[in-house]
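Have a look at the structure below, then the notes.
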2 protein chains.
Amino acid sequence: MASTLHDVAKLAGVSFKTVSNVVNDYPFVRDQTRSKVLAAIEELDYRPNLQARSLRLGRTGMIGFAVPELSLPYFAELAAQVIEAAQRHDLTVLTEQSIPSRAGELEILSSPRRRMTDGLIFNPLWLEDRDIPQLEAAGPVVLLGEALFPGTMDQVVMRNVEASRYATEYLLETGHKRIAAIGADLSKPGGSPHFRLEGYRQALQAAGIAFDLNLVGEATPWHRLDGARSMRHVLGRGDPPDAVFAFNDTLALGAIHALQEVGLRVPFDVSVVGFDDIEEAQYSFPELTTINPGRSSIAELAVTALARRIADRGAVPHLSEPDFHLVVRKSVMPRSHS
Amino acid sequence: MASTLHDVAKLAGVSFKTVSNVVNDYPFVRDQTRSKVLAAIEELDYRPNLQARSLRLGRTGMIGFAVPELSLPYFAELAAQVIEAAQRHDLTVLTEQSIPSRAGELEILSSPRRRMTDGLIFNPLWLEDRDIPQLEAAGPVVLLGEALFPGTMDQVVMRNVEASRYATEYLLETGHKRIAAIGADLSKPGGSPHFRLEGYRQALQAAGIAFDLNLVGEATPWHRLDGARSMRHVLGRGDPPDAVFAFNDTLALGAIHALQEVGLRVPFDVSVVGFDDIEEAQYSFPELTTINPGRSSIAELAVTALARRIADRGAVPHLSEPDFHLVVRKSVMPRSHS
DNA sequence: TTTCAGGTGATCAACGTTGTAATTCAGAAC
DNA sequence: GTTCTGAATTACAACGTTGATCACCTGAAA
């Protein structure tokens, strides 16, 4: 079937180790020998057996990439970027989906797939501080998301609080007074929902506007459906808001849907700002003004950090915080007040 | 570090082969021995080294899943389903992205990743009949998409022609006369664009309506952006259509965007039907009427077919054609003509 | 008591690769 | 011509697992 070092060696008339040396660019091979071997490799279409190499080397050349839901555009787009970044580092990506619960995420860490990978890029939603031991036991890991475990793990985090504060300030500066927040999870002390709400709260406070729980819509997970449902709840509580800060873009699109259902036009009646800058935000109606949390660099930073960690397990934990920026499109309309 | 059969054997006071027998449920192991071994396995948290097992067995337990673009919702959702289906078959999925060209897709077939997988589920867009030899050389493969290679390969195909014809007939029956087709690729003889246009054409012909090239918008690839651009082209050619059949949902959403840009309301002025039934179709505005090509079963059928092919390379090629249906939502409004 | 069958367990050789170390070889220096 | 040096090549032993084979032991039948 597939040819091996031995087959090539026999054809080239050298020992199989010499073939191995050629394959691995060992410098002390005579040119004449090298070309003989290369010709044989060519003729037999030899490709190294990666399982054997992995066994010998103790490395597989694969990394895991685990996210809560691949069907969420943000994660799908991130997966595509991680696969590309990994390819540049000669790594292959094994994409995994975690069941959305603490147990489900712990399972990712102990999955048999951990034995197939040299490391893991992981965006947990439910893990807590007490899970650090298990994280550390899972081998090289780079965490995505928020700075849950400062100083103890490699992480690529979003500036959730600052970015959310910035988005809310933008709505305030453009004259909005009643700004709804969609996507909160009041029962959870950490995580994106918490930090994005915190940024929203800070902006309100700085502007001297009272935080009003009636304007806060809870939503988990963060699908369109949940955004629409959450928006409906808020609308059901009384006077509609004049703006919405949604904690991610899919929520924002769901919220827009719910607003349109009751005849509120975006941005004429209600402005909307999202978070993530998924591709779709450019083509939604209206085109979505949103926070870009440094997307283009997240995948590359994560892969680089993981490669470094794999090479040197003792390296001091590294925290990357890519810059965010607001992408202004058409879902916000300035208000003037008399 | 990680413990091996030998470590467990030493602790349990048996030979390492006995441990292997326990792990592999070899029947002739005394209960007493078995429990001793299991206790040792437990204590050392032994997990088999999958690389070593792969090397020995000649199988990796991984399958490849290759699609043109993971960031397209249809493929992202499909990937999630394939990963789940594979898990049920005790298989791990290695997700890959093909560069959108014939060369890029051939590269998938000869990639070093083929050496890491037992088989491949592949949705090519650009391969041709003459590439069959390379497909066959790539080991067990199940093709997704259209019936390009009838009888020679395992395939899970969509009923592209029939479903497109059905969608177009639906628009005709609801009183539409000028139906645009968005997503054609007139330069390519096969593939989804070709077959979906063919279905559209058949429906028109059966209804005695002339096929009008001015109503056909070309688009590659099938992103929102392309749908919007293609729609604008068609609109620029003269009288607007009263309906649009878009060859997939993202194109449909882009087309809706372009229609709204010029003040045409969907569905009041123009009806729109899509293809794929991606999640987003439920939450777009308006909610999208679309063809569901049998999504729920495609992933499972593909994984099952691949598992079968891996187990028996000589099996006769199998063609699955899941049923499609039209999901009626809110993007179509019946027209009455005086 | 002996024989035999079959349950139980151990020995050994792969699978295909790479690191270590030993060996051969060619050319230069004496 | 001998010796030395470093380049070029090879032998061998892992890596951790499973299949084939062999050896042992126990209990039942003769």
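Values below: all heavy atoms of this structure, side chains included; hydrogens, waters and symmetry mates excluded. Every chain is numbered from 1 and lettered A, B, ... according to where its sequence line falls, protein lines coming before strand lines.
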### Task
Would you tell me if any nitrogen or oxygen in the side chain of Arg53(A) comes within less than 4.0 Å of OP1 or OP2 on dT18(C)?
yes
### Message
Is Asn24(A) close enough to dT18(C) that one of its side-chain N or O atoms is under 4.0 Å from OP1 or OP2 there?
### Response
yes
#### Entry: Contact under 4.0 Å: Ser20(B) side-chain N or O vs dT18(D) OP1/OP2
yes
### Task
Assign Thr18(A) to base, sugar-phosphate, or nothing according to its heavy-atom contacts below 4.0 angstrom with the strands shown.
base
### Query
Within the distance-only criterion (no hydrogens, no angle test), does the side chain of Thr60(B) pair as donor or acceptor with the backbone N or O of Ser54(B) below 3.5 angstrom?
no
#### Entry: Main-chain N/O of Glu279(B) paired to Glu77(B) side chain as donor or acceptor, under 3.5 Å
yes
### Task
Verify, without hydrogens or angle tests, whether Arg309(A) (side chain) and Ala315(A) (backbone) share a donor-acceptor contact under 3.5 angstrom.
yes
### Summary
Of Thr33(B) and Arg115(B), the one whose closest nucleotide on DNA chain C sits nearer the 5' end is Thr33(B)
### Message
So, OP1 or OP2 of dG16(C): does either fall under 4.0 Å of a side-chain N or O from Thr4(A)?
### Response
no
### Task
Rounded off to whole Å, could you give me the CG-to-P distance for the Leu50(B) and dG16(D) pair?
13 Å
### Query
When you match Arg30(B) and Leu55(B) each to their closest nucleotide on DNA chain D, which lands nearer the 5' end?
Leu55(B)
### Summary
In whole angstroms, the gap separating C1' of dA7(D) from CZ of Phe28(A) amounts to 7 Å
#### Entry: Rounded distance (Å) that lies between atom P of dA20(D) and atom OH of Tyr26(B)
11 Å
### Atom-to-atom span, CZ of Phe16(B) to C1' of dG19(D) - whole angstrom
11 Å
### Message
Could you check whether any side-chain N or O of Glu105(A) sits under 3.5 Å from a backbone N or O of Ser98(A), counting only pairs where one atom can act as donor and the other as acceptor?
### Response
no
### Query
So, is Ser54(A) close to the dT17(C) phosphate, meaning a side-chain N or O under 4.0 Å from OP1 or OP2?
no
### Task
Could you check whether Val23(A) gets within reach of a base, just the sugar-phosphate, or nothing at all, counting any heavy atom under 4.0 Å?
nothing
## Note on the structure
Leu57(A) atom CG is separated from dT18(C) atom P, nearest whole Å, by 7 Å
### Summary
Rounded to whole Å, the CZ-C1' distance (Arg56(B) to dG19(D)) equals 5 Å
### Query
Ignoring hydrogens and geometry, is there a side-chain-to-backbone donor-acceptor pair from Arg53(A) to Pro48(A) under 3.5 Å?
no
### Task
Please state how far atom CE in Met116(A) lies from atom C1' in dG16(D), giving the value in whole angstrom units.
15 Å
### Query
How many Å lie between NZ on Lys17(A) and C1' on dT17(C), as a whole number?
9 Å
